[in-house]
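Report on the following structure.
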Amino acid sequence: MKAKLWDIVPDFELRYKAGLAYEINHLKREKNAVILGHNYMEPALYHSIPDFTGDSLALSRRAAETDKDIIVFCGVRFMAETAKILNPLKTVLLPAEKAGCSLAESITAEDVRRLRAQFPGVPVVTYVNTYADVKAESDICCTSSNAAAVVESLGTATVIFLPDEYLAGNVARETGKHIIFPTKTPRPGGQDDAQLDYQLIGWHGRCEVHEKFTVEDIENVRAQFPDVVILAHPECSPAVVTAADFSGSTTAMIQYVERSSAPRYLLLTECAMGDNVAAENPGKEMLRLCSVRCPHMNQITLEDTRDALKYTRYVIEVPEEIRVRAARAVERMIAIG
Ligand code: 13P
Ligand code: SF4
């Protein structure tokens, strides 16, 4: 930990966290557990206890493959639920009781059923950042690393894409589709949704972290550092993604930095990831807008991960009837890559 994090985490904090990590790694072996760590985990946790780190898609794959008895998911609830959906015989633990997500909270299973009734026969793609009952109403899931490929794999003229309005906007641009957002009330002029020109039907969910980045942020940073390379997660607005140099999932951004050689980068995503990328790329400067943190990812601490293993808490359960239907949508996504 010290070799990677000496100039990122203060020494006294590193010592304290190294003690916790030692305890967790011991418990992990004793309980035959695997720890999955999302790229947004704070640097000391990220660099010490996970057996695997990655973006939502990579961690879903790891969850599906594991032969351990317990999966501890250092991420948020929808990710731990996805692990349970794919691996129902394992005990899946989330170290924090809630650890939600503004996107997952933006839509219900009933909303999806209503959209299906409004647009009969149109397939439903849902982002993995949703709860199991919403996935269960969907034809296929997607993550930030395969959203456009999933939409195109359906081969249909029209697709319902839920619930992130910005990711939908970015996918619409990438696939050349017109997007609409259905209204509950009639549109001015008396037109109803069915009469409009559309190929992608979106929803007004947003990531409370990525919606904060603006084109003005990009302009300000470029004015100060003309040689900066700017990377934006596709949960940022289409205007921000267009103004950035690259857009991709959390792992795609990590790989972009590793494989390129700019003097400095700006990551428009959760700030802890900037620390993790900086630790892996000592010669490259990471600029980041650190007022922008995910309050849900930040609930996952080393202390709570230790207690999750020690007391077998918080156990993720998904009712079997929902799980089976949700698994179809997630497995269909995994199969297309
Ligand atoms: P990734 O799938 O890119 O890791 O994104 C997950 C997420 O929650 C981003 O906010
Ligand atoms: Fe959800 Fe945004 Fe947090 Fe990711 S960063 S978990 S999308 S609120």
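In each ligand, atom 1 is the first atom listed, and ligand 1 is the first ligand listed. Remember, it's a predicted structure, so these values are computed and weren't measured experimentally.
The line from CG of Leu266 to CG of Leu289 is 5.5 Å long, rounded to the nearest 0.5 Å.
With hydrogens and angles ignored, the 3.5 Å screen pairs a side-chain donor or acceptor of Thr143 with a backbone N or O of Ser145. In this structure, the side chain of Gln199 engages the main chain of His178 through a donor-acceptor pair within 3.5 Å. Within the 3.5 Å criterion, the main-chain N or O of Lys68 finds a donor-acceptor partner in the side chain of Lys90. With hydrogens and angles ignored, the 3.5 Å screen pairs no side-chain donor or acceptor of Asn220 with any backbone N or O of Asp217. Between the side chain of Lys31 and the backbone N or O of Thr312 there is no donor-acceptor pair closer than 3.5 Å.
Ligand 1 lies less than 4.0 angstrom from a heavy atom belonging to His38. Distances shorter than 4.0 angstrom occur between a heavy atom of His210 and an atom of ligand 1. By the 4.0 Å heavy-atom criterion, Asn129 is counted among the residues contacting ligand 1.
Close N/O approach between Asp55 and ligand 1 is not found [any backbone or side-chain N/O within under 3.5 Å]. Inclusion of Tyr127 in the set of residues having an N or O under 3.5 Å from an N or O of ligand 1 is not warranted. Taking only nitrogen or oxygen atoms, main chain and side chain alike, Glu235 reaches within less than 3.5 Å of ligand 1. Among the atoms of Ser144, some N or O lies under 3.5 angstrom from an N or O of ligand 1. At least one N/O-N/O distance between Thr250 and ligand 1 falls below 3.5 Å.
Regarding atom 3 (Fe) of ligand 2, its nearest protein heavy-atom neighbour is Cys294 SG, 2.4 Å. Atom 6 (C) of ligand 1 has its closest protein heavy atom at Ser56 OG, 3.4 Å. Regarding atom 5 (O) of ligand 1, its nearest protein heavy-atom neighbour is His233 NE2, 3.3 Å. Of the protein's heavy atoms, Cys207 SG, 2.3 Å lies nearest to atom 2 (Fe) of ligand 2.
When each atom of ligand 2 is checked for a heavy atom of Val209 under 4.0 Å away, the hits are 5 (S). Contact atoms of ligand 2 toward Asn129: 7 (S) (distance under 4.0 Å to a heavy atom of the residue). In summary, the atoms of ligand 2 found under 4.0 Å from a heavy atom of Ser102, numbered by their order in the structure, are 8 (S). Applying the 4.0 Å criterion to heavy atoms of Ser249 picks out, from ligand 1, the atoms 3 (O). Using a 4.0 Å cut-off to heavy atoms of Leu103, the atoms of ligand 2 that qualify are 7 (S). Within ligand 2, the atoms closer than 4.0 Å to a non-hydrogen atom of Tyr40 are 5 (S), numbered from 1 in the order shown.
Classification of Arg306 and Glu303 as a salt-bridged pair fails, no side-chain N sitting under 4.0 Å from a carboxylate O. Comment: Glu219 does not engage Arg222 in a salt bridge, judged by the lack of any side-chain N to carboxylate O separation of less than 4.0 angstrom. A salt bridge does not link Asp51 with Arg62: none of the charged nitrogens is closer than 4.0 Å to a carboxylate oxygen. Salt bridge Arg61/Glu65: absent, no basic N to carboxylate O contact under 4.0 Å.
None of the N, O or S atoms belonging to Cys101 lies under 2.8 Å away from atom 3 (Fe) of ligand 2.
For the pair Ile201 and Leu162, the tightest heavy-atom approach, listed with the atom from each and the gap, is O-CD2, 4.5 Å.
Between His204 and Phe181, the ring planes lie parallel to each other; the angle is under 30°, not in the 30° to 60° tilted range.
Counting heavy atoms closer than 4.0 Å to ligand 2, residue Glu235 contributes side-chain atoms (C-beta onward) but none from N, CA, C or O.
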